[in-house]
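The next block holds one structure in the form of structure tokens; read it before the comments.
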Amino acid sequence: MTDTKNRPLSSDDHLMLVDGSTYIFRAYHALPPLTRKSDGLPVGAVSGFCNMLWKLLAEPDPELLGSPPTHFAVIFDHSSYSFRNDIYPDYKAHRPEPPEDLRPQFPIIRDATRAFNVACIEQEGYEADDLIATYTTQAVEAGAHVSIISSDKDLMQLLTMPNVVLVDTMKDKRTGPDGVVEKFGVPPEKMIDLQSLAGDSVDNVPGVPGIGVKTAAQLLEEFGDLETLLAQAETIKQNKRRENLIEFADQARVSKKLVTLKPDVPVKEPLETTLVRDLDGEQLIGFLKAMEFTTLTRRVATKTETSTDDVQSASVSTHGFEGAKVEERVKAEGEMTPAALAEKRANEAASVTIDPSKYEAVFDPAKLEALFDEARWSGILAFDTETTSLDPMRAELVGFSFALEPGRAYYVPLIHTSGDDLLGAGHDDRQMPADKALALLKAVLEDPAILKIGQNMKYDISIMANHDIAVAPFDDTMLLSYVAGAGTGGHGMDELSSKWLGHTPIPYKEVAGSGKSMITFDKVPIDKATEYAAEDADITLLLWRALKPQLIPHKATTVYETLERPLVPVLARMERNGIKVDRQMLSRLSGDFAQGMAGLEAEIAELAGEDFNVGSPKQLGDILFGKMGLPGGKKTKTGAWATPASALEDLAAEGHELPRKVLDWRQLQKLRSTYTEALAQAINPDTGRVHTSFALAATTTGRLSSSDPNLQNIPVRTEAGRKIRKAFIAEDGCKLVSADYSQIELRVLAHVADIDQLKQAFADGLDIHAMTASEMFNVPIEGMDPIVRRQAKAINFGIIYGISAFGLANQLGIGRSEAGDYIKTYFERFPGIKQYMDDTKAFCRDHGYVETIFGRRAHYPDIKASNPAMRAFNERAAINAPIQGSAADIIRRAMIRMEPALAEAKLNAKMLLQVHDELIFEVPESEVDATLPVIEKVMIDASNPALKLSVPLEVDARAADNWDDAH
DNA sequence: TTCGTCACG
DNA sequence: GACGTACGTGACGAAG
């Protein structure tokens, strides 16, 4: 029990002071944009704040915080005005307005503080830091210990007092005097002088131009303190530095007044009133209930032994200290539907003018650091890299751009060349050293309290990984667009910019040219590069502002946060892993294929009676259907003869020799051009491996796609093709493991359409196609005619694709009416499937989209097209999407969990590829036996616990020296 | 750049 | 009954 009466502090006491204002911003940016379910009121920062207070008061970590506090207060800035504005009117003048959805949270956070029954202190004319300085001074004089909960470097000057520590709860970091030396190179006693010299761009403290933290520390080391330094400034060797110190001496003195915290504010709340009071369970739960924070409510209820049922939700107003106007607007927004609010945000983003001439190149490291400090304050940084290649494994970083707020975007060139003189262009010396810039960049990109925003972050993450920088946390505008609008258009930046901002970005070819005359980005003059690169960052920031709020009305937050964003670093690692390919084997195959083709070409010319280009469908058509007069020719929509494999197969079946040879030739041509030749080209000279690129936002259904090269369509169906698969091999001492889901789409179908016979068959481990045939044709599964089974298999696949009699007839080579009869029989035996298909079409017509079992949406706006063909096409796609997409979601979940599961089991398997229902790994030989069950388990359990499937998933996993044998 | 073709799930 | 089809991709060579 604690005392209920206030009393003076003594040496046994521990005062904890929370820097409320700074924390609000960090919580806001570090956390997802949570809103109150019932009315959409933004409460993300409130939630973060409450969780922090609860942890400090009820579950303090003794290692981080020492003994539990006896005195506790949360200190806020009263308003943006303080006595410092009288000293220097521009103080904090450049701070951007807080985001719209943060503003209503300021007053609520004060309510939260009071709900926790702790002192909530602010005072007109003073900043929170001054109050913290004053209370700390008083407590130290009384002999007490003080913990200041903040990450603000301005408070470091207080560490001169004994028994004072600075604790950053978001980073679990405790800073004492040694920590100050480590971070700034000076002891706390010199922090004020250091800040006076270096200035602070966030607070707009001018300092001395050209002097940053590093230089200031060095000068103070040499001269002792600011006044001595200013007095002896003429002795400094560096010209510019000396001049600046003399010219801006007074500015440094003003800065000193600004950065010095006031230790003797005439505080209205005496220190004693911060004595920790007992939690009032009912009062706190009433508030938390009103905020609809269920988890924390439950925790508080348990700890305080209060029943939540008895507690009425408190009425919490958004009444603020900032005046009626804000209150009104906030109230208006609080009452808007999420869709209306999202539209408002989009309109705001679209109304911003984009003007590349305003962007700046940054050459000075001190300036860069100052700009990054702004990002530390705001918690947000839009970021983009410029490189020499679209392939991150071959790209060299040329520079990077970032945007702090709309219109304020910068480009940091690193290795641009200057001039185009005939002697050869050299390094442009205005640029800061790349390692210097990268060190500063690393601190920001790895700062957990700064949200990095990018467009297609997988690329930038991979580029930064080349420089040993791990980017987190991040948002990706491409993925935001994808989850909100798959099927409504592309998600590339140019397209998104036109769609959401009504602005066409500077085309890349305008700065770098195109085709043969294209130059790499390092050859682009810096001013031109700045406009292009900084515009990308600016646009990315605006797109984020427009797109992030779309998640809520599209109910896409969970999909984005569980199926998209976490997959990005996983895919980046897979791409960087690459897969080993046997170059000699490919080259041998290529020769074999070429030889085979040459032989066939001669035979074909002989049969045709003339030389022609076998690879030209047009010329081939003229020979077959024109010159030779073979029957059954069809024209393509452009009027030429169509020569698809199926038509050539038919002709071959009729006994014609030439079509058979053309088919053989085509197969070899395909294997050679697309695989043996292209694949050998794709081997990275540095790694000796092939690195594909997986696209996350390319398909309507949620599947990935692979390109450059496409490793998701490596041949497997023919003998000749499988030879290419054999060229995919494991590193010495390793095996390749292939693990694939068995019949995952049919299993998903059985689940979503809720078909008892199918579910039972899967539960019993039956051959699903045989079982289908047995049901349809009333034949026993035992000893079934393979042709009957094949027909059932085709129907099963047809169902998944949104069956049509025409399509099935084509597939099975039977008549259309016969195919129609099969379908009719199928629907009679499985009425639930017909029901599912009709329901899905109806849903799509009503909503314009369909959903996977995890809530991913695929849009088909043309499902209502008046053109029946187009409409039918969209209907079939809409039927297929939930099945294909749900399967895609399941394997995504498996991929996201795979690395932690392998690490947990202390295994070194590397995930290399995904081929829709299959994952490929490289596994040390000695670990194969231990690894297979881990992989299988993760894949089989992938839908849990979010969703319990009503059918079991089955996985086949095998290890071998090459992909063909493992498959 | 578009088309026809074909590799994969 | 029109319409012209199986669903989802990416890469190649030919031809415009």
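Taking CZ of A:Arg672 as the reference point, atom CD of A:Gln595 lies at 11.0 Å (rounded to 0.5 Å). Put simply, CE on A:Met478 and CD on A:Glu495 are 12.5 Å apart, with the number rounded to the nearest 0.5 Å. Atoms CZ and CD1, from A:Arg689 and A:Ile729 in turn, are 9.0 Å apart once rounded to the nearest 0.5 Å. Note that CD of A:Gln914 is 9.5 Å distant from OG of A:Ser706, once rounded to the nearest 0.5 Å.
Distances were taken from every side-chain heavy atom of A:Arg876 (C-beta onward) to each of C:dA6, C:dG8, B:dC8; the shortest belongs to C:dA6. Nearest nucleotide to the A:Arg816 side chain, out of C:dG8, C:dT5, C:dA2: C:dT5. Nearest to the side chain of A:Ala872, among C:dT5, B:dT5, C:dG4, sits C:dG4. In this structure, the nucleotide among C:dG8, C:dA6, C:dC3 sitting nearest to the side chain of A:Phe873 is C:dG8. Considering only side-chain atoms of A:Pro868, the nucleotide from C:dA2, B:dC6, B:dG9 that sits closest is C:dA2. Picking from B:dT5, B:dG9, C:dT5 the nucleotide with the shortest atom distance to the side chain of A:Gln884 gives B:dG9. Side-chain proximity of A:Thr636 to the nucleotides B:dA7, C:dA6, B:dT5 is greatest for B:dT5.
Of the C1' atoms belonging to B:dT5 and C:dC3, the separation is 24 Å, rounded to the nearest Å. Nucleotides C:dT5 and B:dG4 are separated by 11 Å at their P atoms, to the nearest Å. The separation of B:dC3 from C:dG4, taken at their P atoms, amounts to 16 Å, rounded to a whole angstrom.
Residue-level contact check: A:Ile803 touches the bases, meaning some heavy atom is under 4.0 Å from a base atom. Using a 4.0 Å heavy-atom cutoff across all strands shown, A:Ala645 reaches sugar-phosphate atoms only and no base atom. Nucleic acid contact for A:Leu704: none, since no nucleic acid atom lies under 4.0 Å from a heavy atom of the residue. Across all strands shown, A:Ala695 has no heavy atoms under 4.0 Å from either base or sugar-phosphate atoms. Within the nucleic acid shown, A:Ala878 has no heavy atom closer than 4.0 Å to any nucleic acid atom. At a threshold of 4.0 angstrom between heavy atoms, the contacts of A:Asn867 with the nucleic acid are absent.
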Practice problem: Treat primed atoms plus P, OP1 and OP2 as sugar-phosphate and everything else as base, then score nucleotides 11-16 of chain C 5' to 3': B for base contact with protein heavy atoms under 4.0 Å, S for sugar-phosphate contact only, - for none. | Solution: BSSSSS

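Checked by distance alone, A:Ser705 brings no side-chain donor or acceptor within 3.5 Å of a matching partner on the base of C:dT9.
Computed from coordinates, the A:Ile863 CD1 to C:dC3 P distance equals 20 Å when rounded to whole Å. Protein atom CD of A:Glu677 is 17 Å distant from nucleotide atom C1' of B:dA7, rounded to whole Å. Distance CG (A:Asp622) to C1' (B:dG4): 14 Å, rounded to an integer number of Å. Rounding to whole angstrom units, CZ of residue A:Phe797 and P of B:dG9 are separated by 10 Å. In this structure, CD1 of A:Ile823 is placed 17 Å from P of C:dT5, rounded to the nearest angstrom. For the pair A:Arg871 CZ and C:dA6 C1', the computed distance is 18 Å after rounding to whole Å. With rounding to whole Å, A:Asp964 atom CG is found 12 Å from B:dC8 atom P. Rounded to whole Å, atom C1' of B:dT5 lies 13 Å from atom CG of A:Leu671.
A:Arg893 has its side chain within reach of A:Leu563: a pair of non-hydrogen atoms, C-beta onward, lies under 4.5 Å apart. For the pair A:Phe694/A:Glu575, a side-chain contact is recorded, criterion being any heavy-atom separation below 4.5 Å from C-beta on. In this structure, A:Met911 and A:Val570 have side chains that are in contact, with non-hydrogen atoms separated by less than 4.5 Å.
One finds no side-chain N or O of A:Thr700 lying less than 4.0 angstrom from the OP1 or OP2 phosphate oxygen of C:dG8. The side chain of A:Arg717 places an N or O atom within less than 4.0 Å of a non-bridging phosphate oxygen (OP1 or OP2) of B:dC8.
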Quiz item: Should A:Asp956 and A:Ser742 be marked as a side-chain hydrogen bond (donor to acceptor under 3.5 Å, both in side chains) after you check the CA-CA gap, both sets of side-chain angles, and the distance that decides it?
Solution: CA-CA 7 Å; A:Asp956 299 315; A:Ser742 158; 4.9 Å; no

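Using a 4.0 Å cut-off between a side-chain N of Lys or Arg and a carboxylate O of Asp or Glu, A:Arg588 and A:Asp592 do not qualify as a salt bridge.
The side chain to side chain donor-acceptor pair (under 3.5 Å) test with A:Thr643 is passed by exactly one of A:Gln619, A:Lys618, A:Arg666: A:Arg666.
A stem is defined here as three or more consecutive Watson-Crick or G-U pairs, each with both distances under 3.5 Å; for DNA chain C these stems are B:1-9 with C:7-15.
The ring-ring contact (aromatic ring centres under 6.0 Å, His included) pairs that include a residue from residues 696-718 of chain A number zero, where partners must be two or more places apart or lie in different chains.
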